[in-house]
Amino acid sequence: MTTLIQLEILRTLRNRRYLLFTIAYPALMYFFFIHAYDSAKSAGGLPVKTYFMVSMATFGAVGAVLTGSAQRISLERKSGWVRQLRLTALPGRAYTFGKIAASAVTTLPAILVVFAVGASQGVSLGAAQWAGLVVALWLGSFVFAALGVALGYAAAPDSVQTIVMIAYMLMSLFGGTWFPVSGSLEKFAQFNPVYLYNRLATFTQPGHSLDTVAVAGLAGFLAVFVAAAAALYRRDTRQA
């Protein structure tokens, strides 16, 4: 399984589309948002530059694992590669967890690049807060890695890209990525994993600690998505 994870990571990092849309694009969008909100002092209870640094980091992280893993798995099913792997000694659960782990590792560049841009623009956090944010967002990305694997087994190769992009954009739109969620919309956002993902940054506010409700919600989503990925993998095995 270790070899599979290494191959998946190398294949992703060599992908120019990954470098453009999950690393460069969120960093560029960060500049756009901090200038668009230049007259505002805060957003979502955080300084504007900090808020959009986090939201663009999560946007890149979700994109890295969701679009990459779902489309790749769907194409591997179509080409027969998954069927070939089933003939080896690699257990099905190892393949599934290997995909999730490899996808999650590729989120680190997306997070670190946006954080570096944020620091260059004056975002000031303590060393423990910087480290805590990196760890929190990286661990949170496993939720979307599991969702990507599930979608890869659920959708047909011809439709997976459309389904993933619609899910990705809707979750981002109503999850606080483009603008702070408040009022009645926030009640519905509680059931959006991207909103909970963005809430992991609230501990950087003075007097606040890690949002345990968000952590519990993400843990629940992770359990559901992993179970769905396992069930869909077994279904795909029976149909093979």
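All residue numbers refer to positions in the sequence shown, counting from 1. This one's a predicted model, so the numbers in the text were calculated from it and none came from an experiment.
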Check whether any side-chain heavy atom of [X] sits under 4.5 Å from a side-chain heavy atom of [Y], and report yes or no.
X	Y	result
V134	L108	yes
F203	L133	yes
V117	F31	yes
V114	F59	no

Residue pairs meeting salt bridge (Lys or Arg N to Asp or Glu O under 4.0 Å), one or both in residues 57-71, sequence neighbours left out, come to none
Rounded to the nearest 0.5 Å, what separation is found between the [atom1] atom of [X] and the [atom2] atom of [Y]?
X	Y	atom1	atom2	value
L170	M165	CG	CE	10.5 Å
I111	T58	CD1	OG1	8.5 Å
L200	L139	CG	CG	9.0 Å
L151	L232	CG	CG	9.0 Å
S141	L222	OG	CG	10.0 Å
N198	Y51	CG	OH	6.0 Å

Hydrophobic cluster identity match, [X] and [Y], side-chain contacts under 4.5 Å:
X	Y	result
L28	M53	no
F188	F221	no
F191	L147	no

Please table the atom pairs, donor to acceptor, closer than 3.5 Å between any side-chain atom in residues 171-186 and protein atoms at least two apart or in another chain.
from, atom 1, to, atom 2, distance (Å)
S172, OG, Y168, O, 2.9
T177, OG1, S172, O, 3.4
E186, OE2, Y195, OH, 2.6

Over all atoms of both residues, closest heavy-atom pair of [X] and [Y]:
X	Y	result
A27	V113	CB-CG1, 4.3 Å
A110	A61	CB-N, 4.0 Å
M56	P26	O-CB, 3.4 Å
V226	A146	CG2-CB, 3.9 Å
G118	Y30	CA-OH, 3.6 Å

Main-chain N/O of K49 paired to Q121 side chain as donor or acceptor, under 3.5 Å: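 No; zero donor-acceptor contacts below 3.5 Å.
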Strictly distance-based, threshold 3.5 Å: is any side-chain N or O of W138 a donor or acceptor partner for the main-chain N or O of T107?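 No, the answer is negative, given that no donor and acceptor are paired below the 3.5 Å cut-off.
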Could you walk me through whether Y197 and F144 satisfy the ring-ring contact (aromatic ring centres under 6.0 Å, His included) test, starting with their C-alpha distance in whole Å, then the side-chain angles of each, then the deciding distance to 0.1 Å, before giving a yes or no? CA-CA 10 Å; Y197 192 26; F144 303 95; 5.2 Å; yes
Should the pair Y37 and F33 be assigned to parallel (<30°), tilted (30 to 60°) or perpendicular (>60°) ring geometry? tilted
